[in-house]
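A note on names: the letters A, B, ... follow the listed sequences, proteins ahead of strands, and every chain is numbered from 1. Quick caveat, the model's predicted, so the values are computed rather than measured.
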Amino acid sequence: MPPSPSNAGEASADERDAENDNTIHTILGTVRSYSLRVGTQALVWTVVLAALIDVVAASNGMTLSKQPRETLAIPRWLYLATGGATIGASALLASFVTDRAFIYALHSWSVRLPGVPTIRRWAARFGRLLALTTLGFIVYVGYTGPQLPAASLTVLVTFVGVRGGLPVIAYLIGNPWSAINPWRALTTFLPIRFIEYPDSFARWPAVVGVLALVWAEVIFPVSTVPRVLATAILGYSLYTVTGAIVFGSDAWFEHADPLAVLFRFYGAVAPIQVRDGSFEVSLPGNDLADSDIVTDESDVAFIIALVWELTYSGFITTTAGAQTITTVVESPLGEVLPTVPVAVLAYTILFVTGYVVFLAAYWYAGTAARRLTNTYVTGRSIAIRFAPPLLAIAAGYHLAHYAGLVVSLSPALTMAAVSPLTPPANPLVLAPPGWFTGLSIGFVLVGHLLAIWEAHASAYDLFPSRLVAIRSQYPFILVMIGYTIISLWILSLPGATPPYLG
Amino acid sequence: MTTVQTTVPPNDSSEVCQYCGEPFPTVERLTLHRGLEHWSDIGEAERTAFHDARADEQDALSSFRLRALACIVALYFGFLFLYATFAI
């Protein structure tokens with residue numbers, strides 16, 4: 001919950017004033033000065049954010065608008081330092097907002113939309129039927145349809161739709177997956193449960209699952225050969241349907257199915273949430289200061305996996321990433337063993353090592369925050385409490401990496417959907433304009449700014465002393481600056497095809 | 001809602017909240033905690049202590065704000081000079 005009890009303290013301070021000096025004027029004065037204070041803080045905050053965004057846009061315009069993305073008008077280290085400093089400065093600015101009542105007021109603002117249970121029930125039925133039909137159809141088209149990636153409905157639905165488009169909907173609007181999850185639709189007809197899902201598994205199967213999916217996406221030609229992708233989809237379907245039958249549909253999709261967990265986490269960033277069966281609109285990212293989203297280490301590991309997989313798939317498609325892999329393969333080790341297994345090994349080691357580094361850095365920040373603030377709250381509790389804001393960072397990275405792909409391939413997806421078996425061999429592919437890269441930098445930074453603001457709110461909820469709350473954020477801000485610099489560095493590198501694969 | 005876990009290092013004398021049992025390293029933090037989380041349960045003396053602790057906290061926050069402002073100004077001018085030197 002957002003810092004609700006604090007409000008009681010503030011309000012009761014006002015109550016006490018009223019008791020002491022029981023005149024209407026005093027009450028009016030108090031209310032007026034209070035709303036003035038809140039209003040001023042809101043205004044200052046808006047101006048500061050607007051100024052920051054302007055600065056970011058201006059620097060993008062200067063450095064990136066007319067140039068291909070590999071040539072920067074400023075030295076790369078300065079561009080990276082500016083990105084890092086933006087995060088640091090916004091954290092300092094966030095620390096100026098010390099009014100608990102104001103933070104609480106922003107986080108408790110929400111509008112409940114009228115409940116339409118009948119429409120929702122029918123929409124869910126229709127959505128699941130459509131998803132189930134699509135699933136069957138894209139597997140069929142994958143085997144029988146054209147084997148060109150840009151013309152194959154299987155590849156386009158999987159990568160433009162599910163990998164790129166649906167997460168965007170999930171974090172910008174609301175999580176659509178629970179309404180259109182085809183495997184869940186399939187298993188509701190088979191309500192069998194042989195084994196109780198063990199609590200000790202937590203969400204670790206989903207963590208392993210999402211890492212395995214990303215690894216398979218990199219290693220196997222799933223995005224280029226529709227037949228391979230169709231086989232992968234069949235394999236995944238078999239895995240997840242078996243899991244749902246063994247452990248029961250609800251427990252499986254709540255804890256172990258990587259896609260369902262991924263969409264639920266991305267959906268936590270969205271302004272539209274489902275509560276008690278009806279839709280509720282609040283400010284984007286508001287739920288991230290909520291303590292219910294992340295409950296144990298496996299959730300933290302999953303969120304870091306989301307941040308890392310986007311960093312990793314960004315990195316291996318740059319010249320620096322290709323260079324790293326080539327160096328390993330052309331080293332003496334590559335001469336002893338055949339090329340492709342060494343390359344696969346290099347990709348895997350890079351993937352696992354980077355993930356462990358990202359996770360360890362984050363986890364250590366929890367321990368460091370405990371030591372820095374001299375608190376009795378465990379490092380584990382602090383790390384768990386500050387993990388949901390990272391979802392805003394993951395959403396920013398995702399948008400930065402996939403917005404261009406979704407925009408450029410959506411006409412191809414439409415054409416393939418209209419005539420799936422005989423799509424045009426040379427589909428229309430839009431070329432995003434140059435300023436799109438600048439937009440990507442903006443997405444990364446806005447994700448981080450939202451994360452900092454939500455971490456600030458979480459800290460206020462966790463610690464009674466506001467100075468401790470501010471100090472507890474330092475290690476996490478350092479980690480976030482690290483993530484930002486890595487991500488901006490990747491965006492500044494020229495693109496390349498990952499070598500030795502395909 | 002996840003419960004917040006706490007551990008008290010050995011040899012530390014902690015201040016424990018009598019309403020929820022949460023330990024705190026200093027009396028000020030316990031006083032603030034009681035005022036924020038247990039306002040309806042605490043008595044007049046504890047409420048006064050809470051308001052005093054809040055006033056002290058406000059002073060410390062003001063001095064923190066000054067230092068934060070100094071950092072932002074230093075950051076701003078630092079980058080101004082960096083851009084003036086390198087971004088030509």
(request) Only pairs at least two apart or in different chains count here, so list each salt bridge (charged side-chain N to carboxylate O under 4.0 Å, His left out) that has a residue in residues 370-384 of chain A. (result) A:E297-A:R380

(request) Return the set of residues passing side-chain contact (heavy atoms from CB on, under 4.5 Å) with A:Y474 (not counting sequence neighbours), or none when no residue passes. (result) A:L372, A:I470, A:R471, B:F64

(message) Can you confirm whether more than 12 heavy atoms, excluding those of B:D59, are under 6.0 Å from its CG atom?
(response) yes

(message) Heavy-atom count check: over 12 atoms from other residues, nucleotides or ligands less than 6.0 Å from B:Y19 OH?
(response) yes

(message) If I measure from the heavy atoms of chain A, does B:L82 come under 4.5 Å with its side chain, its backbone, both, or neither?
(response) both

(message) So for B:T26, is it side chain, backbone, both, or neither that comes closer than 4.5 Å to the heavy atoms of chain A?
(response) neither

(message) Out of B:L75, B:L61, B:D12, return the one with the most heavy atom pairs under 4.5 angstrom to chain A.
(response) B:L61

(message) At a heavy-atom distance under 4.5 Å, which candidate from A:L462, A:L467, A:V468 has the highest pair count against chain B?
(response) A:L467

(request) Could you look at A:I293 and say if it's the side chain, the backbone, both or neither that has a heavy atom under 4.5 Å from chain B? (result) neither

(request) Give a yes-or-no answer on whether the side chains of A:S298 and A:D296 include a donor-acceptor pair shorter than 3.5 Å. (result) yes

(message) Under a 4.5 Å cutoff for heavy-atom pairs, which residue among B:S14, B:C71, B:A53, B:S40 has the most contacts with chain A?
(response) B:S14

(request) Could you tell me which portion of B:L30 (side chain, backbone, both or neither) has an atom closer than 4.5 angstrom to a non-hydrogen atom of chain A? (result) neither

(message) So for B:Y76, is it side chain, backbone, both, or neither that comes closer than 4.5 Å to the heavy atoms of chain A?
(response) neither

(message) Within the structure provided, determine whether A:D287 and A:R275 are in side-chain contact (heavy-atom separation under 4.5 Å).
(response) yes

(message) Are the side chains of A:F463 and A:V377 in contact, using a 4.5 Å heavy-atom criterion?
(response) yes

(request) Quick one: which of B:Q58, B:H33, B:R29 has the most heavy-atom pairs under 4.5 Å with chain A, could you say? (result) B:R29

